[in-house]
Structure formats: C-alpha cells, structure tokens
Amino acid sequence: MRALPVRVDAVLVQAVIAAALSFAHLHDLALAAGQDGWKAWAYPVSVDLLLVAAWRRLRSGESKTAGWCWFLVALTASLGANVATAGLLDLEDVPAWLRILVAGWPAVAFLGGTLLAHGAEHPSAHPATAPEPPSTTQAPEPTAAHVERPTATTELPPSATESAPPSPSPVPPALVTLARKVADEHRARTGTDIDTSTLRARLGVPMPLAEAITTQLT
C-alpha cells in the first residue's frame with residue numbers, strides 16, 4: 001500500500017477536538033440563556049475569533065498588554081461555558097446575571113476584535129525627513145581672519161622694475177568693505193577719522209596693507 005501523502009499531526013487533531021468541544025459548550029450555554037437559532041451558533045464563533053485575534057497580536061510582538069488582556073477575556077468566556085455546562089449549572093433555569101453576561105458579550109467581542117485588528121501602528125524606524133526650509137539668516141560679515149591675504153606678486157625683471165613706478169599693494173574688496181565699516185564705527189564713536197595704526201590694529205593686517213587700505217578709504 002502507498003503511504004498517505006499527508007502526515008497526520010496529533011497536536012492538530014487534539015486542537016480540533018478541543019475547539020469542537022468548546023464550540024459545543026458555548027452554543028449550549030447561549031441557547032440556555034435565550035439566544036436561540038443562528039444567534040446561539042454565532043456566540044462560539046465570536047469567542048474563538050477573539051482568541052485568534054489576541055493570539056496573533058501576541059505573536060506579532062506589538063502591544064502585548066492588549067493582547068494578553070483580550071486573550072484572558074476570551075479564555076474566561078470559553079472556560080466559563082465549559083464549566084457551566086459540566087453539570088454545575090441548571091441549563092433549564094439560567095440565572096439572570098448569566099443572561100445579562102451572554103447578552104452583553106457581542107459588544108465586548110466587537111470592541112476587543114476591533115482594537116486588536118486595527119490597533120495603532122508603530123511609526124517606521126526611519127521616518128522620512130522633511131526637507132529643511134531655506135535659511136533666512138544672513139551670512140556673517142567677513143572678518144579679517146577670513147579674508148584671504150594678498151598673494152605675493154610675481155617679481156618683474158630688473159629692467160621692468162626700474163621703468164615702471166611702484167604700484168600700490170592690491171587690496172581685496174571684501175577687506176576694503178570691512179575697513180570702511182570699522183572706520184565709520186570709529187568716526188561715529190569718536191568723531192574723528194581713524195588713523196592707520198588704529199586701523200591696522202583693528203584689522204590685524206601688516207602696516208603696508210593698512211596704508212594701502214587707508215588710501216582706498218580716502
């Protein structure tokens with residue numbers, strides 16, 4: 001004989017038997033509490049679905065507190081029906097408080113299933129960063145430390161040096177602008193024009209460059 005293509009799992013068979021017995025007990029309890037017809041069959045379905053939803057939440061690893069809470073609620077309902085139908089409760093004369101619990105169970109199951117199935121999702125680990133708005137702050141004023149020092153000029157041949165008059169040292173425009181602000185500030189504070197020594201000390205430049213800047217300010 002050929003072997004069966006599907007291997008029977010004993011644990012799965014046991015789970016099916018236990019679910020069928022629990023389903024029958026819940027149906028009998030709902031029927032005894034006045035929920036006849038299709039409603040008596042819907043009660044065990046709601047309990048089992050709530051158990052499955054709670055178990056999936058526990059397996060997902062998110063919001064385990066809510067998962068355990070609703071798992072215990074559904075487990076209590078299932079165990080309560082199993083115990084109640086085991087001869088400890090007269091199904092011909094169900095007490096009023098049990099009828100109230102059975103009648104209110106659909107609302108509890110609906111609330112638990114909704115919270116478990118549509119819980120708040122966690123934000124992604126790497127949220128998309130919004131583009132930074134363009135900066136409206138003005139660039140800082142150039143200082144003497146940031147101004148490039150004039151490079152050494154290429155030496156001319158002796159003949160060209162003798163024929164051409166000495167040209168003033170080139171001054172960067174940014175340094176002239178800074179020196180003009182320093183001079184204006186000095187004039188506003190003291191009422192007199194700034195001298196070359198004071199300008200050199202304020203800008204931190206060599207004296208020849210300070211003299212060249214002074215000529216640019218006049």
Side-chain angles (χ1 to χ4, degrees), residues 1-140:
M1 295 178 61
R2 297 179 60 184
L4 293 176
V6 179
R7 185 171 59 89
V8 178
D9 191 347
V11 177
L12 180 60
V13 173
Q14 182 183 7
V16 171
I17 295 174
L21 291 174
S22 178
F23 190 94
H25 292 159
L26 286 167
H27 169 268
D28 295 343
L29 182 62
L31 186 63
Q35 306 296 328
D36 54 352
W38 66 270
K39 292 181 290 184
W41 295 101
Y43 273 84
V45 174
S46 66
V47 174
D48 291 342
L49 288 180
L50 186 59
L51 278 171
V52 173
W55 178 246
R56 290 189 61 183
R57 175 59 64 88
L58 293 176
R59 290 292 300 273
S60 66
E62 300 178 358
S63 302
K64 287 190 174 182
T65 302
W68 276 114
C69 177
W70 290 109
F71 183 82
L72 291 177
V73 169
L75 185 62
T76 301
S78 180
L79 290 177
N82 296 337
V83 174
T85 56
L88 300 180
L89 180 66
D90 185 6
L91 298 181
E92 300 296 332
D93 186 16
V94 178
W97 61 268
L98 185 55
R99 293 177 180 270
I100 295 175
L101 288 179
V102 173
W105 171 256
V108 176
F110 176 77
L111 177 62
T114 303
L115 293 178
L116 290 174
H118 302 285
E121 297 181 356
H122 292 282
S124 58
H126 303 283
T129 57
E132 297 183 359
S135 177
T136 56
T137 58
Q138 297 181 353

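Shown here for Ser46 and Ala109, the closest heavy-atom pair between the two residues is CB-CB, 4.2 Å. When all heavy atoms of Arg57 and Leu115 are compared, the closest pair comes out as NH2-O, 3.6 Å. Residues Ala30 and Val102 come closest through the heavy atom pair CA-CG1, 4.3 Å.
With contacts defined as side-chain heavy-atom distances shorter than 4.5 Å, the pair Trp105/Leu26 does not qualify.
A donor-acceptor contact shorter than 3.5 Å links the side chain of Thr76 to the backbone of Leu72.
More than 12 heavy atoms of other residues, nucleotides or ligands shown are found within 6.0 angstrom of CZ on Arg99.
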Show the numbers, then the answer: is there a side chain to side chain contact (heavy atoms under 4.5 Å, CB included) between Tyr43 and Leu29? CA-CA 9 Å; Tyr43 273 84; Leu29 182 62; over 6 Å; no
Verdict with reasoning, Val45 to Phe23, per side chain to side chain contact (heavy atoms under 4.5 Å, CB included): CA-CA 7 Å; Val45 174; Phe23 190 94; 3.6 Å; yes
Side chain to side chain contact (heavy atoms under 4.5 Å, CB included) assessment of Asn82 paired with Leu21: CA-CA 8 Å; Asn82 296 337; Leu21 291 174; over 6 Å; no
Do Leu116 and Trp55 pass the side chain to side chain contact (heavy atoms under 4.5 Å, CB included) test, and can you show the C-alpha distance, the side-chain angles, and the key distance before you say yes or no? CA-CA 10 Å; Leu116 290 174; Trp55 178 246; over 6 Å; no
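The line from CH2 of Trp70 to CG of Leu51 is 12.5 Å long, rounded to the nearest 0.5 Å.
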